[in-house]
Amino acid sequence: MPLFFSYFPIVFLIYLMTRRNSMPSYKALPLCALLLYFIMLVVFARDPVLVHAAVLDGLLIAWTPIVIIAGAIFLFRTMEVTGAQATIRAWLNTVSENKIAQLMIVGWAFQFLIEGASGFGTPAALAAPVLVGLGFPAVRVAILCLILDTVPVSFGAVGTPTWFGFSAIDLSAAEITEIGIKSSVINGIAAFVVVFIALSFLVDRKALVQNAVFIVLSILACVLPYVAIAFVSYEFPALLGGGIGLVLTIAFARLGWGLSQAPINVRDFQERDSQERGGEATRPQVSLGALLKASFPLWGTVLLLIVTRIPQLGIKELLLLKEPAWILELGSLGVLSVSASLVVSLQSIFNTPETWSHSLLYVPSFIPFGVISLITLYLYRSGQGRRVVTETLVQMQNPVLALLGALVFVNLMMMGGEQSAVALIGQSLAELTGAYWQFFAPFLGALGSFFSGSNTISNLTFGGIQDSIALGLGLDRTTILALQSVGGAMGNMVCINNIVAVASVLALGNKEGYIIKRAVLAMLAYGVVAGILGVLI
């Protein structure tokens, strides 16, 4: 009975969001969270105090993705009203008018770099509006960006999913390095499948074949340094791989290496006027100064992310100071504290072990999005700040409801330790697959990301379970944990938080179910490749 009711809320949620007349996420997620609330109390007979603490914790945790999405929307509304986005669009057309080249530069290499610096769903929120600004259809862009923001995820946010995600397991430094190496190799090989699948949502097979050499070169430009760096560091493979890959992909596009001269038919493409689209006679030339100014919201964001993420620079440590500078007793609600670096915490929620914290200056919202947006408005002497704020608040109404429901749902699914709903699901899957577990291990990692929206949390949640399964079945632990990390990465394309985030930034409305149904096909293909490689390793 508990196992049935562990699966039921997930199946019900997927049904609501993927049926013909799908329910929007801002209704489906709160409804499923409410259903799960009663299941926890009635079926699992959880302590009501612990359940209510988990609910409050989930409502508080939800504000992390909420403020990130709001920051991303604010940044791109700023780029629109200042004209920066139009300038970037014109410049990208001077690099190459080939649509596949543009998709690989922004959707693949640029996202790869952003994932290495930040994570938190930031890459798709940054890349998707740029591609839509170039005329690509918004829904298909959302699918492409979600699918492509997977390969670097095992090393996202300066390697956090690897070095912190497995911190609860007793691993030696050599074992963590080995997990990183195996993760990079599996992700790197899977890239050659997943990139072509992502592109197929926008262009036809003929165009893919005609431009295959360029696509492969761009993949290699990111993947080769990504794998090589994994042998010496589990913090910088995605960051450096993405940086090197972005520079090389732009160079390949300028040189035209592997690009076909034949016109590419992009599904539902929104053509710009002839001057924006360019021709040899009318193509606008963008000066270096104008490009630097227009792209400041992008390179300024990347720079600020890197500066605040690399531990060796010392700023990260300052932004994460947790020593309370101010404490307020809230009775049974808990103990509220604020540190000098504005890390807000609520300890002992309802006198339980549940705690919540939010690093106001570290979570990518005010820094970098807010800061960069304000500087951009100043650089352009724009008086549109109030309009940008208003549009951002209007666009955030439904995502707030969706994410509040999502994080309560996640918290309730994960409460109970080894007897939690997600743990019961993981254990049942292991029993069903037996000695073939290495083929299915990535899907458990993906399940964790689907719930939590984070490869790091997936590794923290299922890493111990994967390790015990490996021990019980006599499988190599570093291989199984690498497959867990790969699964957490591939689950990034179907996780609720990321889908709501990119749909919100692009103002797509009720399209989350449509996106999930298509992204899950790519995830299954990714999982098959990862599983086969796991068996071979």
Original post:
With a 4.5 Å heavy-atom cut-off, do Tyr380 and Lys293 have their side chains touching?
Top reply: yes
Subject >> Sole candidate of Phe112, Phe236, Tyr234 that passes ring-ring contact (aromatic ring centres under 6.0 Å, His included) when paired with Tyr226 >> reply: Phe112
Original post:
Any cation-pi pair here, Lys511 with Tyr514, using under 6.0 Å and within 45°?
Top reply: yes
**OP:** Report the C-alpha separation of Ser183 and Phe155 in whole Å, then their side-chain angles, then the decisive distance to 0.1 Å, and conclude whether the side chain to side chain contact (heavy atoms under 4.5 Å, CB included) test is met.
**Re:** CA-CA 9 Å; Ser183 300; Phe155 303 94; 4.2 Å; yes
Original post:
Taking only residues two or more places apart in sequence or in another chain, which ones pass salt bridge (Lys or Arg N to Asp or Glu O under 4.0 Å) with Arg140?
Top reply: Asp268
Residues 325-340 side chain polar contacts: donor-acceptor under 3.5 Å, at least two apart:
residue, atom, partner, partner atom, Å
Ser339, OG, Leu321, O, 2.5
Ser339, OG, Ser341, N, 3.3
Ser339, OG, Ser341, OG, 3.3
Ser339, OG, Val343, N, 3.0

Subject >> Distance-minimising heavy-atom pair for Cys145 and Leu131 >> reply: SG-CD1, 4.0 Å
**OP:** Enter the distance from Ile372:CD1 to Ile367:CD1 here, rounded to the nearest 0.5 Å.
**Re:** 9.5 Å
Subject >> Point-to-point distance, once rounded to the nearest 0.5 Å, from CD1 of Ile179 to CG of Leu481 >> reply: 4.5 Å
Original post:
Can a cation-pi geometry be assigned to Arg381 and Tyr378, taking NZ or CZ under 6.0 Å from the six-membered ring centre and within 45° of the ring axis?
Top reply: yes
Subject >> For Gly243 against Leu113, the heavy-atom pair lying closest together >> reply: N-CD1, 3.7 Å
Original post:
Out of curiosity, Ser96 OG to Ile250 CD1, how far, rounded to the nearest 0.5 Å?
Top reply: 11.5 Å
Subject >> Main-chain N/O of Ala54 paired to Asn411 side chain as donor or acceptor, under 3.5 Å >> reply: yes
Original post:
Please walk me through it: do Leu298 and Phe110 pass side chain to side chain contact (heavy atoms under 4.5 Å, CB included)?
Top reply: CA-CA 10 Å; Leu298 300 178; Phe110 179 67; 4.2 Å; yes
Original post:
Counting only heavy atoms not in Lys27, do more than 12 fall under 6.0 Å of its NZ?
Top reply: no
Subject >> Side-chain touch His358/Val363, heavy atoms, less than 4.5 angstrom >> reply: yes
Subject >> Residue pair Val195 / Leu148, side-chain heavy-atom distance below 4.5 Å >> reply: yes
**OP:** Go through the structure and list residues passing ring pair (Phe, Tyr, Trp, His ring centres under 6.0 Å) with Tyr37, not counting sequence neighbours.
**Re:** His52
Subject >> Test ring pair (Phe, Tyr, Trp, His ring centres under 6.0 Å) applied to Phe366 - qualifying residues, sequence neighbours left out >> reply: none
Original post:
Is there side-chain contact between Val106 and Leu92, with at least one heavy-atom pair below 4.5 Å?
Top reply: yes
**OP:** For the pair Thr352 (side chain) and Ile349 (backbone), establish whether a donor and an acceptor sit closer than 3.5 Å, ignoring hydrogens and angles.
**Re:** yes
Subject >> Donor-acceptor pair, side chain of Asn455 and main chain of Ser485, under 3.5 angstrom >> reply: yes
Subject >> side chain to side chain contact (heavy atoms under 4.5 Å, CB included) evaluation trace for Met493 with Asp149 >> reply: CA-CA 7 Å; Met493 69 177 79; Asp149 184 25; over 6 Å; no
Subject >> Any side-chain heavy-atom pair of Gln102 and Phe136 under 4.5 Å >> reply: yes
Subject >> Closest non-hydrogen atom pair, Ala530 against Leu483 >> reply: O-CD2, 3.5 Å
Original post:
To the nearest 0.5 Å, what is the distance between CZ (Arg77) and CZ (Arg387)?
Top reply: 8.5 Å
Original post:
Any donor-acceptor pair under 3.5 Å linking the side chain of Asn459 with the backbone of Pro161?
Top reply: yes
**OP:** Could you check Val151 against Trp108 for side chain to side chain contact (heavy atoms under 4.5 Å, CB included), going step by step and ending with a plain yes or no?
**Re:** CA-CA 10 Å; Val151 174; Trp108 167 248; 4.1 Å; yes
Subject >> Expected output: side-chain Glu115 to main-chain Gln111 donor-acceptor under 3.5 Å >> reply: no
Original post:
More than 12 heavy atoms of other residues, nucleotides or ligands under 6.0 Å from CD of Glu317: is that the case?
Top reply: no
Original post:
What pair of heavy atoms forms the shortest contact from Val505 to Pro129, and how long is it?
Top reply: CG1-CG, 3.4 Å
Original post:
How many angstroms lie between CG in Leu412 and CG in Leu50, if you round to the nearest 0.5 Å?
Top reply: 11.5 Å
Subject >> Short side-chain to backbone donor-acceptor contact, Ser458 and Gly445, under 3.5 Å >> reply: yes
Original post:
How about Phe166 and Gln484: do any of their side-chain heavy atoms sit closer than 4.5 Å?
Top reply: yes
Original post:
Which pair of heavy atoms, one from Ala190 and one from Tyr526, lies closest together, and at what distance?
Top reply: CB-CE2, 3.6 Å
**OP:** Could you grab the distance from atom OG1 of Thr249 to atom CE of Met104, nearest 0.5 Å is fine?
**Re:** 6.5 Å
Original post:
Would you find a donor on one side and an acceptor on the other, under 3.5 Å apart, between the side chain of Asn492 and the backbone of Thr150?
Top reply: no
Subject >> Heavy-atom check, side chain of Trp356 versus side chain of Ser345, under 4.5 Å >> reply: no
**OP:** Answer yes or no: is there a side-chain heavy-atom contact under 4.5 Å between Pro297 and Met79?
**Re:** yes
Subject >> Residues that Phe201 engages under ring pair (Phe, Tyr, Trp, His ring centres under 6.0 Å), provided they are two or more places apart >> reply: none
Subject >> Polar side chain donor-acceptor pair, Ser154 to Asn187, under 3.5 angstrom >> reply: yes
Original post:
Counting distance only, does the side-chain N/O of Ser287 pair as donor-acceptor with the main-chain N or O of Ala290 below 3.5 Å?
Top reply: yes
Subject >> Side-chain donor/acceptor of Ser449 to backbone N/O of Gly488, under 3.5 Å >> reply: yes
Show every donor-acceptor pair shorter than 3.5 Å between a side-chain atom in residues 396-408 and any protein atom, with sequence neighbours excluded, or say none if there are none.
none

Subject >> Closest non-hydrogen atom pair, Gln85 against Glu80 >> reply: NE2-CG, 3.2 Å
**OP:** Any chance you could lay out the side-chain hydrogen bond (donor to acceptor under 3.5 Å, both in side chains) test for Gln384 and Thr82, step after step, and finish with the verdict?
**Re:** CA-CA 8 Å; Gln384 299 291 323; Thr82 57; over 6 Å; no
